[in-house]
Amino acid sequence: MTSGPDFLDHRDPLYAGHSAATETLLRAFVRETGTDVPSAGEDLVLDLPASGLQLVVPVRYRSATGRHRFGEPRLRRDLPADASLVAAVLIRESTLGRGAPPHLGGDATARVLNSASRTAVHLARRRTEGGQAQGLTPFLDAEQALLLGHPFHPAPKSREEASDSELDAYSPELRGSFPLHWFAAHPDVVVGESADGRTVDELLRPLAAGLELPDGMLPVPAHPWQARQALGRPEVAKLVDAGLLRPLGPAGPAWYPTSSVRTVHRPDAEVMLKLSLGMRITNSRRNNLRSEMRLGVRAARLLAAGPADWLRAEHPEFSILRDFAWVSAGPDGPRTGLETGMETGPETGLETAIRDNPFHGAGREGLCVAGLLAERTGPGDGSPPRHRALLSAAVHRTARALRVPPAEASKRWFTRYLDVLAVPLIRLQARYGIALEPHHQNTLVALDDDGLPCAGWYRDSQGYYLAASRAAELEQLLPGATHGVDLVFDDEFVDERVAYYLGINNLLGLVGAFGALGLADEEVLLRRLRAALERLRATEPGAKGLLDLLLDAPVLRCKGNYLTCVDGLDELVGDVHSQSVYIDLPNPLAEAQR
């Protein structure tokens with residue numbers, strides 16, 4: 001990487017935040033347009049005929065996996081180009097260049113700038129801590145570390161619809177916390193299901209301790225921002241008018257938003273809650289769909305029918321956090337409660353998924369991998385932080401403990417990570433045809449006293465795929481496993497998606513982070529990754545399709561977050577095959593064998 005101060009440490013947090021947004025936008029643009037990036041120390045020159053401009057961008061670090069670092073872009077007359085200009089001209093290039101009128105890019109441009117401003121607030125607030133976060137658990141510290149967000153998303157921190165005061169409470173980057181907003185619901189309109197048959201009272205009443213519930217009513221939680229939105233829906237207003245649903249308001253102890261914003265954690269609670277949140281975050285409104293939550297419960301039952309025992313026996317260091325129950329209040333729900341899961345009503349905005357929480361009490365805590373890799377700002381005087389990311393701190397701890405250089409510690413860290421996280425996921429797919437979406441925000445890792453990975457977890461009710469070739473086999477394990485849920489997909493499609501989520505996003509993304517943070521040579525880690533996957537291919541014939549893709553395909557299908565944003569797509573709406581734009585990305589693992 002070329003020398004010089006990092007914009008993240010600039011004294012003006014607004015400059016730092018807008019510079020971070022500009023770099024991320026450029027990184028996403030060059031990836032999704034197939035633009036070649038020259039070596040560090042040279043200039044990337046972008047000719048933009050749709051606006052008649054040329055951007056000249058200094059390259060600070062060229063990444064084999066795409067996690068480039070850039071300096072301040074400028075126009076060809078050597079005028080600085082700020083985030084607003086760069087966003088406008090790049091997005092104009094992508095609209096006109098793909099046959100769309102330029103005004104359709106206005107929304108995407110606004111979201112980029114909103115994200116830039118939010119990032120500046122995050123950086124400014126974090127600087128007031130002086131590098132010391134007080135009273136946080138390791139789990140929460142990692143969940144709150146994503147000050148910049150996804151490294152390949154043009155608007156990773158856009159949250160346009162909430163006020164500053166609301167975002168103070170609801171943002172993990174601002175160390176937010178808030179009590180849940182509670183409703184009292186008549187049993188006739190309470191709907192949902194659980195994997196183990198527990199009822200609403202058994203699951204939610206312990207979380208509603210101290211809440212004064214009317215006799216015969218059941219507690220239903222909501223995110224406070226969502227509660228206001230839900231009460232404006234006609235179907236919810238009818239329930240309130242009929243006395244079947246009563247808003248009780250905020251009550252109880254504070255919950256903490258995790259990296260996804262809508263999933264909340266309490267260090268003393270036995271479960272986490274994935275709350276519905278209609279706010280648009282990145283590309284999507286985060287409303288929980290009942291079909292997704294049913295999928296989570298079905299997956300929990302399927303895992304309990306055999307795969308979970310196999311995982312515990314073969315990979316005791318790896319676990320899946322289940323979204324094992326859900327609850328809502330809504331019209332047309334039968335008088336059944338959680339036990340049967342036979343609801344047919346539409347979403348009301350009060351849908352909540354209930355997730356395992358092993359991170360309460362003693363024991364090692366999982367750290368969100370995205371949080372481990374997230375860059376940190378300096379104290380605001382122009383100097384850098386002691387460690388740019390939690391990963392940097394962990395690797396240097398490993399180097400000290402093992403008395404090896406940081407580059408060697410990085411190799412050992414990466415190898416251990418593959419063992420505790422990637423190998424179990426690939427073997428689970430090989431053994432049962434069950435595939436997951438383990439991107440960085442959905443994966444957690446615990447570190448031992450030497451800073452090395454020692455345990456891993458996966459979370460997310462939406463990210464389950466079952467290869468069609470194995471569906472009959474799993475129906476024998478759990479009759480009805482595939483009925484009524486979007487779970488079974490063609491084997492080739494499953495392999496393609498896992499190659500993106502596990503291969504590109506997780507493993508290659510980790511390699512890129514090691515390189516961009518100056519910890520290790522990406523080419524060395526790519527060769528180590530290739531060797532590990534080749535060993536698996538020799539021993540796991542059930543994963544041959546996936547591993548052939550990762551190891552030999554010249555290009556891999558990759559989600560295009562930039563083009564998805566430009567096109568205004570909501571990734572949670574519609575058919576799974578077309579929710580996002582996908583592009584072909586050159587495969588650096590195939591290059592690593594040359």
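Please read all numbers here as calculations on a predicted model, not as lab measurements.
Between Y432 and the choices L303, L311, L474, L466, the side chain to side chain contact (heavy atoms under 4.5 Å, CB included) rule is met once, by L474.
Proximity of T33 to I583: side-chain heavy atoms (C-beta onward) are nowhere separated by under 4.5 Å. By the 4.5 Å heavy-atom criterion applied to side chains, L391 and V369 are not counted as neighbours. Between H265 and N357, the closest side-chain pair of non-hydrogen atoms falls below 4.5 Å. Between T539 and R427 the shortest side-chain heavy-atom distance does not fall below 4.5 Å. Between L273 and I354, the closest side-chain pair of non-hydrogen atoms falls below 4.5 Å. Contact of the D486 side chain with the L295 side chain is not registered, since no non-hydrogen atoms from C-beta on lie closer than 4.5 Å. Looking at P307 and L477, their side chains come closer than 4.5 Å, going by heavy atoms from C-beta outward. Contact annotation: the side chain of E591 never approaches that of P586 to less than 4.5 Å [non-hydrogen atoms, C-beta and beyond].
Here E173 pairs with R159 in a salt bridge; the nearest charged N to carboxylate O distance falls below 4.0 Å. Ion pairing of K411 with D521 is absent here, as no side-chain N (NZ or NE/NH1/NH2) approaches a carboxylate O to less than 4.0 Å. A salt bridge is defined here as a Lys NZ or Arg NE, NH1 or NH2 lying under 4.0 Å from an Asp or Glu carboxylate O, and E23 with R69 meets this definition. Of the charged side-chain nitrogens involved, at least one lies within less than 4.0 Å of a carboxylate oxygen, so that R312 and D309 count as a salt-bridged pair. Look at R301 and E193 and you find a salt bridge, because one of the NZ, NE, NH1 or NH2 atoms lies within 4.0 Å of a carboxylate O, short of that distance. Ion pairing between R364 and D449 holds under the 4.0 Å rule for side-chain N and carboxylate O. Of the charged side-chain nitrogens involved, none lies within less than 4.0 Å of a carboxylate oxygen, so that E270 and R198 do not count as a salt-bridged pair.
Without hydrogens or angle criteria, S115 side chain to K157 main chain gives a donor-acceptor distance under 3.5 Å. Judged by distance alone, with hydrogens and angles left aside, the side-chain atoms of T65 form no donor-acceptor pair with the main-chain N or O of V511 at under 3.5 Å. Without hydrogens or angle criteria, E540 side chain to I426 main chain gives no donor-acceptor distance under 3.5 Å. Put simply, the side chain of T352 never gets that close to the backbone of L275: no donor and acceptor are under 3.5 Å apart. Between the side chain of E475 and the main chain of T482, a donor-acceptor pair closer than 3.5 Å is present. With hydrogens and angles ignored, the 3.5 Å screen pairs no side-chain donor or acceptor of R266 with any backbone N or O of H360. N587 places no side-chain N or O within 3.5 Å of a backbone atom of D552 that could act as its donor or acceptor partner. Using modelled atom types, no side-chain atom of R557 and backbone atom of R497 make a donor-acceptor pair closer than 3.5 Å. The backbone N or O of R388 lies less than 3.5 Å from no partner atom in the side chain of E375, so there is not a single donor-acceptor pair. Counting only distance, with no hydrogens or angles, the side chain of R67 and the backbone of G515 share no donor-acceptor pair below 3.5 Å.
Across V30 and F70, no two heavy atoms sit closer than the pair CG2-CZ, 4.4 Å. Between A64 and E523, the shortest heavy-atom contact is CB-OE2, 3.6 Å. Heavy-atom minimum distance, S276 versus H223: O-CB, 3.9 Å. Closest approach of Y464 to F489, counting heavy atoms only: O-CE1, 4.4 Å. The two atoms that bring Y256 and Q144 nearest to each other are CD2-NE2, 4.3 Å, heavy atoms only. In terms of heavy-atom proximity, L550 sits nearest to G503 at CD2-CA, 3.8 Å.
In this view, P438 and L425, L436, T443, Y458, Y501, L502, N506 satisfy the side-chain contact (heavy atoms from CB on, under 4.5 Å) rule, not counting sequence neighbours.
With values rounded to the nearest 0.5 angstrom, D196 atom CG is found 8.5 Å from E202 atom CD. Here the CG-OH distance, from L549 to Y500, works out to 15.5 Å after rounding to the nearest 0.5 Å. Interatomic distance, L452 CG to L447 CG, rounded to the nearest 0.5 Å: 8.0 Å. Between the CG atom in L551 and the CZ atom in R537 there is a gap of 4.5 Å [rounded to 0.5 Å]. Between the CG atom of L147 and the NE2 atom of H122 there is a distance of 7.5 Å, given to the nearest 0.5 Å. The distance from atom OG of S392 to atom CZ of R386, rounded to the nearest 0.5 Å, is 11.5 Å.
Using a 3.5 Å distance cut-off with no hydrogens or angles, the side chains of N288 and R262 do pair a donor with an acceptor. Using modelled atom types and a 3.5 Å distance limit, the side chains of E437 and Y465 yield a donor-acceptor pair. Between the side chains of Q429 and D495, a donor-acceptor pair is found at a separation under 3.5 Å.
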(request) Tell me, with the steps shown, if D141 and R175 meet salt bridge (Lys or Arg N to Asp or Glu O under 4.0 Å). (result) CA-CA 9 Å; D141 191 31; R175 312 287 195 198; 3.5 Å; yes
(request) Report the C-alpha distance between M272 and V264 in whole Å, list the side-chain angles of each, state the deciding distance to 0.1 Å, and finish with yes or no for side-chain contact (heavy atoms from CB on, under 4.5 Å). (result) CA-CA 6 Å; M272 288 182 260; V264 295; over 6 Å; no
(message) Evaluate Q441 against S260 for side chain to side chain donor-acceptor pair (under 3.5 Å), listing each step before the verdict.
(response) CA-CA 8 Å; Q441 193 173 296; S260 72; 4.7 Å; no
(request) Carefully, step by step, assess L140 and E365 under the rule side-chain contact (heavy atoms from CB on, under 4.5 Å). (result) CA-CA 9 Å; L140 276 176; E365 297 204 4; over 6 Å; no
(request) Report the C-alpha distance between W255 and L207 in whole Å, list the side-chain angles of each, state the deciding distance to 0.1 Å, and finish with yes or no for side-chain contact (heavy atoms from CB on, under 4.5 Å). (result) CA-CA 11 Å; W255 290 74; L207 306 180; 4.1 Å; yes
(request) Determine, step by step, whether R459 and L444 satisfy the side-chain contact (heavy atoms from CB on, under 4.5 Å) criterion, reporting the C-alpha distance in whole Å, the side-chain angles of both residues, the deciding distance to 0.1 Å, and the verdict. (result) CA-CA 8 Å; R459 62 183 176 193; L444 311 170; 3.7 Å; yes
(request) Show the numbers, then the answer: is there a salt bridge (Lys or Arg N to Asp or Glu O under 4.0 Å) between D491 and R470? (result) CA-CA 9 Å; D491 290 32; R470 312 297 288 277; over 6 Å; no
(message) Please evaluate residues D36 and R62 with respect to the criterion salt bridge (Lys or Arg N to Asp or Glu O under 4.0 Å), reporting the C-alpha separation (whole Å), side-chain torsions for both, the decisive distance (0.1 Å), and the verdict.
(response) CA-CA 10 Å; D36 187 43; R62 187 189 187 280; 3.5 Å; yes
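Ring geometry for W413 against F514 counts as perpendicular: the plane angle is over 60°, on a 0 to 90° scale with 30° as the lower cut. Between H315 and W310, the ring-plane angle classifies as perpendicular under the 30° and 60° cut-offs.
Judged by the 6.0 Å and 45° rule, R31 forms a cation-pi pair with F152.
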What donor-acceptor contacts under 3.5 angstrom involve side-chain atoms of residues 398-405, with partners at least two apart or in another chain?
residue: T398; atom: OG1; partner: A394; partner atom: O; Å: 3.1
residue: T398; atom: OG1; partner: D450; partner atom: O; Å: 2.6

